Structure formats: C-alpha cells, structure tokens
Amino acid sequence: MNTDTALQQVVERVRAAAADATSLRLRGGGTKDFYGQPPRGELLDLRALAGITSYEPSELVVTVRAGTPLAELEAALAEQGQCLPFEPPCFDAGGTVGGMVAAGLSGPSRASVGAVRDYVLGTTLINGRAEVLSFGGQVMKNVAGYDVSRVLAGSLGTLGVIAEVSLKVLPVAPAEATLAFACSQADALRLLNEWGGRPLPLNASSWFEHVPGAGVLRLRLRGAVAAVEAACAQLGGERQDPVRAAAGWAALRDQRMPWFALDEAGSLALWRLSVPQTAPVIAIDGCAAPLVEWHGGQRWYLAPPAQAARLREAACAAGGHATLFRVPAAQSADCDVPRFDALSAPVARIHRALMQEFDPHGVFDRGRLFAGES
C-alpha cells in the first residue's frame, strides 16, 4: 500500500473514532502487548505505515515510518556500519519502529549511551483530532518542538499515532570485549561504582546467579581499539569468546535467557526496579537474587504480583520505582495490580494535561499507562 494512502486511512480512522466516541488500540507488531496495562479498544494496525523515507549516513540521521519492522531498520544501518546504540529490545520477531518509540525501552547499553528518547530528533504524529502534526527536525540543534518528540518515547500510544520518526544513529564501535568476574552481588555493585568513576570505555554490565550463591558479573567494553585493550589489561577478569558474548548480550536484551523464563501457568511475574546505580543490595523477602543491569540501575526480580507493596516500598526506599513488567499469561486478564507506580500529584496533572491537549476526545487508550483510566 502507498504510504500516503496508508497515512490518510489512519487519519480517517482516527477522525471516525473521535466522532463515534470509540477507543482505539494502537498496534504495530504486537511484541510489547504485555507491557503496561492490558490494551483495550478497537485494534488499529499500523504496519502499513512502513518504509525508510530518508537516510543520510554521513549525517547520522534516519527518518522512518513507524510501521517499519525494527529488524529492517537495523539491517539498513548495519550495511553502513551504523546502529541504534541504545539497543532496543525486540522480544519477538515483528517489532516495529513505532512500537520501539512508544514503549521507550532500551537494552543493556542504556546506562552508558542513553535511552530511546535521547535519539529521537523529530516525529510526525496524528493526534486525537485527526490532525497530522510535525515536531522537531533532523538535527540535534533543531529545538523547535524537540521536547514534544521526546515526550512520545514511553507514551504507549496514549498521545496519538506515531506516524514517522527521525532518529540519530551512531557508527558501530571499532572494538568490543566482554569480561567476566565471579563475585557476589555486593562486590559487583562496588566494582561497577568504582569503575564508573574511571575513564574506561564501559558500555554494558550484567550480574546474576547461575546457581544460588554463585554470581558472575559480565562487563562489556566498547570504543577505540587502544582504549578497549588497555581497559582489559587494567581490569583483568576472564575475557569471553566474542561470538558467544554477543549472543549472550542479545539474549539479555530480548529476555531470552533462561533467567527470564516465566511459567505461563505459574505465579511468578517479572518485576523491574529502577534505582540509582549507587543503591546497595536490595533484598526482597521470598525473592531470589535479582538480575542486575545498567551498572546497578536496573534490577529484575521474579515475584508474585501480590508482592507489589513490598517491591514498591523497597524501590522507593532506594530512591527509585518498580514496574510490574510481565505477568504470566494465565494471570494477565485477572491481575488487578497496577503495572506502574502511582505518579505524584504534580506529575499526574502534567500527564493528564498532555493527554487532554493531544487527545481531547479520549480516542487513544489512556489505560495503558493509568490503571482504571478511561
């Protein structure tokens, strides 16, 4: 389908929904339907809005329609020796660029290179009035509307249909190495905090226990060849086979590691605690040791949804927040635990004011972010 025709069809669908007071559920590949509150409303499939509309490798900028498969974009960048440095998770085949921005999720390198929103230069949005709006541009110094484009990252489709996005891309690093260190969680956090204060080409880290009481810290270095080799010599550890290491980081990014496997008929859900990197070990009664990422800033726990209060209190005490990230399929429909922490009153007012401005008729599914919201 011609992309202009596809865009017009989406506009007409939004216009009709506004007139009929119908709620729309925006969807690309559907690979992140598990994230946030369960989606509601009539399905609006956006995969026809596809294609790379502009790519200037020398300018490190790509503009792409939101329904474009993420794998297609990454392949096009790889041909030019470039990448999306924040390593967006795929979770499954079929994920799209629009879903990447709407979910706002980043992979293992996020703590070192930034998040999705840091690479969004501009967007084209269809709001709840069926207006096609453009924000930002294709250069970092283009400030007009830039903050609006960044607000869309993580909005889960509550502000409108992301039709097109311009992204900053970067060259693939010349060198990479992964080091492994056998250590406890406390020692891993101490080492990461120590290394973070030194001029090292740190890119990603993970720590978890293969068996109870036996943890391994993995550290990925990326940068100039000389910098990576010098860091390997300074830090020691066991250097990992590059092919196996790359596969391991990809499995971590997409949560295909055995650690993340949920019994879909079981009681354990996946929780994400976002806390300061300097937070100490957070022990949760009844929970096994977490998987730690982002140099200590992201900690994954397996626990029943019913332990929400305990997990959220622990995250708050450490200066962060907790997200009920994934619920087993057998529990998803009946789980009434909010996926996200309650917002403070001032922040909630800002969120709702944005939703009212972009979607005054309530066309888009606000409940993806706010439990019980209509």
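Residue numbers start at 1 and run along the sequence shown. Everything quoted here is computed from the prediction, not taken from an experiment.
The shortest non-hydrogen separation linking Gly296 to Leu192 is N-CD1, 4.2 Å. Between Trp249 and Ser206, the closest heavy-atom pair is CH2-N, 4.0 Å. Nearest heavy-atom pair across Arg299 and Pro280 is NH1-O, 2.6 Å. The shortest non-hydrogen separation linking Ser106 to Gly114 is OG-O, 4.5 Å. Closest of all the heavy-atom pairs between Ala66 and Ile162 is CB-O, 2.8 Å. When all heavy atoms of Cys232 and Ala177 are compared, the pair lying nearest together is SG-CB, 3.7 Å.
The side-chain heavy atoms of Gln80 and Tyr55, taken from C-beta on, include a pair separated by under 4.5 Å. Contact of the Tyr119 side chain with the Val113 side chain is registered, since non-hydrogen atoms from C-beta on lie closer than 4.5 Å. Asn127 places none of its side-chain heavy atoms less than 4.5 Å from the side chain of Leu159. Side-chain contact between Leu70 and Pro88: present, with at least one pair of heavy atoms (C-beta onward) separated by less than 4.5 Å. Within the 4.5 Å cutoff, the side chain of Leu105 has no heavy atoms near those of the Val116 side chain. For the pair Leu262/Leu302, a side-chain contact is recorded, criterion being any heavy-atom separation below 4.5 Å from C-beta on. No side-chain heavy atom of Phe208 sits under 4.5 Å from any side-chain heavy atom of Pro290. Within the 4.5 Å cutoff, the side chain of Leu125 has no heavy atoms near those of the Val148 side chain.
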Without placing hydrogens or testing angles, list every side-chain donor-acceptor pair under 3.5 Å for residues 269-279, not counting sequence neighbours.
residue	atom	partner	partner atom	Å
Trp271	NE1	Ala303	O	3.2
Arg272	NH2	Tyr35	OH	3.3
Gln277	NE2	Trp294	O	3.4

Let me check something: any side-chain donor-acceptor pairs from residues 355-362 under 3.5 Å, sequence neighbours excluded? List them with distances.
residue	atom	partner	partner atom	Å
Asp359	OD1	Gly362	N	3.3
Asp359	OD1	Val363	N	2.9
Asp359	OD2	Val363	N	3.0
Asp359	OD2	Phe364	N	2.9

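With sequence neighbours left out, Trp300 forms a ring pair (Phe, Tyr, Trp, His ring centres under 6.0 Å) with Phe260, Phe325. Shown here are the ring pair (Phe, Tyr, Trp, His ring centres under 6.0 Å) partners of Phe181, two or more places apart in sequence or in another chain: Trp195.
For residues 309-320, the pairs satisfying side-chain hydrogen bond (donor to acceptor under 3.5 Å, both in side chains) are Arg312-Asp341, with sequence neighbours left out. Screening residues 245-254 for salt bridge (Lys or Arg N to Asp or Glu O under 4.0 Å), with sequence neighbours left out, gives Asp254-Arg256.
Rounding to the nearest 0.5 Å gives a distance of 11.5 Å between SG of Cys287 and CD1 of Ile282. The distance from atom CG of Asp45 to atom CD of Gln9, rounded to the nearest 0.5 Å, is 11.5 Å. With rounding to the nearest 0.5 Å, the separation of CG in Leu49 from OG1 in Thr124 is 10.5 Å. How far NE2 of His351 is from OG1 of Thr158: 8.5 Å, rounded to the nearest 0.5 Å. The distance from the CH2 atom of Trp207 to the CZ atom of Arg218 is 12.0 Å, given to the nearest 0.5 Å. Atom-to-atom distance recorded for Arg15:CZ and Ile126:CD1 is 10.0 Å, nearest 0.5 angstrom.
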**Chi angles and distances behind the side-chain hydrogen bond (donor to acceptor under 3.5 Å, both in side chains) call for Gln298, Arg110** = CA-CA 10 Å; Gln298 178 165 259; Arg110 186 258 182 267; over 6 Å; no
**Request:** Determine, step by step, whether Leu167 and Val61 satisfy the side-chain contact (heavy atoms from CB on, under 4.5 Å) criterion, reporting the C-alpha distance in whole Å, the side-chain angles of both residues, the deciding distance to 0.1 Å, and the verdict.
**Result:** CA-CA 6 Å; Leu167 299 163; Val61 173; over 6 Å; no
**Request:** Could you give me the CA-CA distance, side-chain angles and deciding distance for Tyr301 and Leu311, then say whether side-chain contact (heavy atoms from CB on, under 4.5 Å) is met?
**Result:** CA-CA 9 Å; Tyr301 290 82; Leu311 285 150; 4.3 Å; yes
**Request:** Please assess Thr53 against Glu164 for the test side-chain hydrogen bond (donor to acceptor under 3.5 Å, both in side chains), listing each intermediate value before the final yes or no.
**Result:** CA-CA 9 Å; Thr53 56; Glu164 189 174 79; 3.2 Å; yes
**Request:** Assess whether side-chain contact (heavy atoms from CB on, under 4.5 Å) is satisfied between Leu26 and Val161, documenting all intermediate values.
**Result:** CA-CA 7 Å; Leu26 308 183; Val161 178; 3.8 Å; yes
**Request:** May I have the step-by-step check of side-chain hydrogen bond (donor to acceptor under 3.5 Å, both in side chains) for Thr123 and Ser149, ending in yes or no?
**Result:** CA-CA 6 Å; Thr123 51; Ser149 297; 3.2 Å; yes
**Request:** Show your working on side-chain hydrogen bond (donor to acceptor under 3.5 Å, both in side chains) between Ser112 and His295 and close with a plain yes or no.
**Result:** CA-CA 9 Å; Ser112 296; His295 310 332; 2.9 Å; yes
**Asked** So Val120 and Leu152, side-chain contact (heavy atoms from CB on, under 4.5 Å) or not? Walk me through it.
**Response** CA-CA 9 Å; Val120 175; Leu152 296 177; over 6 Å; no
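Looking at Asp241, its side chain does come within 3.5 Å of a backbone N or O of Val243 through a donor-acceptor pair. At distances below 3.5 Å, at least one donor-acceptor pair connects side-chain atoms of Gln37 with backbone N or O atoms of Arg339. Of the possible donor and acceptor atoms, none in the side chain of Glu56 sits under 3.5 Å from a partner among the backbone N and O of Ser54. The backbone N or O of Ala289 sits nowhere less than 3.5 Å from a side-chain atom of Glu209 that would complete a donor-acceptor pair. Between the side chain of Asp118 and the backbone N or O of Ala115 there is at least one donor-acceptor pair closer than 3.5 Å.
Using a 4.0 Å cut-off between charged nitrogen and carboxylate oxygen, Asp33 and Arg25 count as a salt-bridge pair. A salt bridge is defined here as a Lys NZ or Arg NE, NH1 or NH2 lying under 4.0 Å from an Asp or Glu carboxylate O, and Glu42 with Arg13 meets this definition. Of the charged side-chain nitrogens involved, at least one lies within less than 4.0 Å of a carboxylate oxygen, so that Glu87 and Arg220 count as a salt-bridged pair. Between Arg368 and Asp365 no salt bridge is recorded (no basic side-chain N to carboxylate O distance below 4.0 Å). Remark: Glu176 does not engage Arg239 in a salt bridge, criterion side-chain N to carboxylate O under 4.0 Å.
Under a hydrophobic clustering in which Ile, Leu, Val, Met, Phe, Trp and Tyr are joined whenever their side-chain heavy atoms come within less than 4.5 Å, directly or via other members, Leu235 and Val216 fall into different clusters. Under the 4.5 Å side-chain contact rule for hydrophobic residues, Leu43 and Val10 do not share a cluster.
Checking Asn203, Leu202, Thr178 one by one against Leu221, the side-chain contact (heavy atoms from CB on, under 4.5 Å) holds for a single residue, Leu202.
Other residues, nucleotides and ligands contribute over 12 non-hydrogen atoms within 6.0 Å of the CZ atom of Arg198. Within 6.0 Å of CZ on Arg47 lie no more than 12 heavy atoms contributed by other residues, nucleotides or ligands.
The six-membered or imidazole ring of Phe340 lies away from that of Phe370, with a centre-to-centre distance of 6.0 Å or more.
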